[in-house]
Student: 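Have a look at this one before I ask anything.
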Amino acid sequence: MTEENRTPSSQNDPSRREFLFTGLQVAASLPVAFSRPASAGRSPRGQVPFFTTRGVVVTTPDLMTLDWPQRAARAGLTTIGTHVTPSEVSEFIQTERGREFVARCKECGIAVEHELHAMSDLLPRALFEKDPSMYRVNEQGQRSPDFNCCVHSSNAIEVVCENVVKYAEILRPTTGRYFYWIDDGRPMCQCSRCRLYSDSEQSLILENEMLRALRRVDARATLAHLAYARTMEPPVQVKPASGIFLEFAPIGRTWSEPISRREAKEGQHGRYLDWLDSNLAVFGKDDAQVLEYWLDVSLFSSWKRDAKKRLPWKRDVFLEDIAAYADRGIRHVTSFAAYMDADYVKQYGEPPLDEYGEGLRRLG
Ligand SMILES: [Zn+2]
């Protein structure tokens with residue numbers, strides 16, 4: 001999925017340097033320190049930016065080696081999302097380094113969210129022996145603790161909701177926006193009751209229940225429905241509860257061409273746009289979020305942290321992409337920036353965070 005995306009970097013492109021310089025000039029001309037979000041949050045023309053969430057999603061090792069809150073603020077971003085699983089992030093956030101990260105975000109005016117592949121933590125695999133009926137029926141017709149759960153098991157829902165609340169106490173997003181996803185790209189249940197529903201619908205059944213549980217501890221909680229991999233088809237038989245918002249993550253696209261080029265990647269971009277539009281028709285556009293991969297070193301390195309590739313950053317593609325998302329009324333945009341850590345900066349120099357932030361702010 002990532003092979004053809006490895007294109008030469010634009011780091012040495014003179015237009016990039018010029019652009020970056022202009023961005024820094026804008027920042028430097030502001031009356032207060034440009035790491036303050038009140039100033040960095042303005043578009044270059046002084047308007048309030050169209051995109052209200054301008055984020056990055058990074059992993060805990062990235063947070064441990066770079067001052068992400070300061071970098072995000074300097075780039076005019078609003079939000080840092082942590083990743084990958086609830087157990088891992090909750091462990092980090094309770095360390096001294098984790099508490100420091102939260103405090104730095106507050107200082108820099110950066111919102112904190114947690115974007116998590118969650119189901120194996122929310123329904124611990126060790127409970128399989130006690131009650132196999134909570135787990136999914138696999139493609140061979142067997143109950144299996146491999147991934148996800150059976151969404152028609154009331155015991156499973158109960159355990160999942162208890163754990164969602166437990167994690168929410170530790171991982172409280174400053175925005176009220178929660179992200180508890182199913183296991184990464186993994187199939188849902190094939191039991192006689194579940195198989196009448198698509199994977200998107202099974203996810204939504206779970207999300208509606210999780211949101212109800214979250215609201216008991218956080219009255220303003222909203223929860224993402226992730227359209228990604230096996231859940232791109234919009235749900236039909238299950239309706240989102242009020243407070244469920246769409247998160248759209250087109251991982252199978254190419255970043256060599258804009259998402260608006262429908263024929264790109266043998267028509268995959270066209271399919272993504274159709275899925276996006278049909279999902280927006282179900283979930284609404286107001287709180288919808290795009291989760292992109294423009295800055296995702298992990299994807300472009302085939303998820304090998306020890307063999308990091310330079311980001312194939314294409315500013316023009318990025319700008320066309322965000323225009324296509326803005327045309328649809330989407331105001332929340334974030335990108336994975338996983339593996340963007342101290343080692344990456346040492347190997348390849350500064351990543352294009354300022355260009356990313358400036359691009360997101362320029363639409364006013
Ligand atoms: Zn089932």
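Treat the numbers as computed from the prediction; the structure is a model and nothing was measured. Residue indices begin at 1 and follow the sequence shown. Because only heavy atoms are used, hydrogens play no part in the values below, and waters and symmetry mates are left out as well, while side chains stay in.
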Student: Would you find a donor on one side and an acceptor on the other, under 3.5 Å apart, between the side chain of Thr65 and the backbone of Ala342?
Tutor: yes
Student: If you measure only the distance, is there a donor-acceptor pair under 3.5 Å linking the side chains of Thr59 and Arg305?
Tutor: yes
Student: What distance do Arg71 atom CZ and Arg104 atom CZ have between them, rounded to the nearest 0.5 Å?
Tutor: 11.5 Å
Student: Would a hydrophobic clustering, with Ile, Leu, Val, Met, Phe, Trp and Tyr connected at side-chain separations under 4.5 Å, put Trp313 with Val345?
Tutor: yes
Student: Side chains of residues 239-252: which donor-acceptor pairs under 3.5 Å do they make with residues two or more places apart or in other chains?
Tutor:
residue	atom	partner	partner atom	Å
Lys239	NZ	Val236	O	3.1
Glu247	OE1	Trp181	NE1	3.1
Glu247	OE2	Gln289	NE2	3.1

Student: Can any side-chain N or O of Glu113 pair as donor or acceptor with the backbone N or O of Thr175 at less than 3.5 Å?
Tutor: no
Student: Return yes if a side-chain donor-acceptor contact under 3.5 Å exists between Tyr339 and Asp296, otherwise no.
Tutor: no
Student: Any side-chain hydrogen bond (donor to acceptor under 3.5 Å, both in side chains) involving residues 154-168? Give me the pairs, sequence neighbours left out, ordered by first then second residue.
Tutor: Asp131-Asn155
Student: Taking Ser87's backbone N and O only, do any of them form a donor-acceptor pair with Asp121's side chain (distance below 3.5 Å, no angle check)?
Tutor: yes
Student: How long is the straight-line distance from SG of Cys105 back to CD1 of Ile110, given to the nearest 0.5 Å?
Tutor: 6.5 Å
Student: Within the distance-only criterion (no hydrogens, no angle test), does the side chain of Arg328 pair as donor or acceptor with the backbone N or O of Ala324 below 3.5 angstrom?
Tutor: yes
Student: If you look at every heavy atom in Ser335 and Tyr356, which pair is closest and at what distance?
Tutor: N-OH, 3.3 Å
Student: Just wondering, are more than 12 heavy atoms of other shown residues or ligands nearer than 6.0 Å to CD in Glu263?
Tutor: yes
Student: Should Glu100 and Arg97 count as an ion pair when the cut-off is N to O under 4.0 Å?
Tutor: yes
Student: For His117 together with His83, are the ring centres under 6.0 Å from each other?
Tutor: yes
Student: Less than 6.0 Å separating the ring centroids of Phe300 and Trp255?
Tutor: yes
Student: What pairs with Tyr293 under side-chain hydrogen bond (donor to acceptor under 3.5 Å, both in side chains), at least two apart in sequence or on another chain?
Tutor: none
Student: For Arg331, enumerate each residue passing the salt bridge (Lys or Arg N to Asp or Glu O under 4.0 Å) test, keeping only those at least two apart in sequence or located in another chain.
Tutor: none
Student: Going by distance alone, is a donor N or O of one side chain under 3.5 Å from an acceptor N or O of the other, for Asp183 and Ser120?
Tutor: yes
Student: Counting only heavy atoms not in Asp327 (residues, nucleotides, ligands), do more than 12 fall under 6.0 Å from its CG?
Tutor: yes
Student: Given 3.5 Å as the limit, does a donor-acceptor pair link the side chain of Asp62 with the main chain of Val58, or not?
Tutor: no
Student: Identify the two heavy atoms, one from Tyr135 and one from Ser144, that lie closest to each other, and give their separation to 0.1 Å.
Tutor: CB-O, 3.4 Å
Student: Can you list the steps and then say if Phe51 with His332 is a ring-ring contact (aromatic ring centres under 6.0 Å, His included)?
Tutor: CA-CA 6 Å; Phe51 295 114; His332 302 270; 9.3 Å; no
Student: Check the side chains of Tyr228 and Asp184 for a donor-acceptor pair under 3.5 angstrom, ignoring hydrogens and angles.
Tutor: yes
Student: A quick test of your reading: do over 12 heavy atoms of other residues, nucleotides or ligands sit less than 6.0 Å from CD of Glu91?
Tutor: no
Student: Does the plane of the ring in Trp275 sit parallel, tilted or perpendicular to the ring in Tyr272? Use 30° and 60° as the thresholds.
Tutor: perpendicular
Student: Using a strict cut-off of less than 4.0 Å between a Lys/Arg side-chain nitrogen and an Asp/Glu carboxylate oxygen, indicate whether Asp146 and Arg136 qualify as a salt bridge.
Tutor: yes
Student: Is it the case that the side chain of Glu201 and the backbone of Ser198 share a donor-acceptor pair, with hydrogens and angles ignored and the cut-off at 3.5 Å?
Tutor: yes
Student: So for atom CD, which belongs to Glu96, do other residues, nucleotides or ligands contribute more than 12 heavy atoms lying within a distance under 6.0 Å?
Tutor: no
Student: With no hydrogens and no angle check, do the side chains of Glu233 and Ser200 hold a donor and an acceptor under 3.5 Å apart?
Tutor: no
Student: Could you work out, with ring pair (Phe, Tyr, Trp, His ring centres under 6.0 Å) as the rule, every residue matching Tyr197, not counting sequence neighbours?
Tutor: His152
Student: According to ring pair (Phe, Tyr, Trp, His ring centres under 6.0 Å), who are the partners of Phe101, at least two apart in sequence or on a separate chain?
Tutor: none
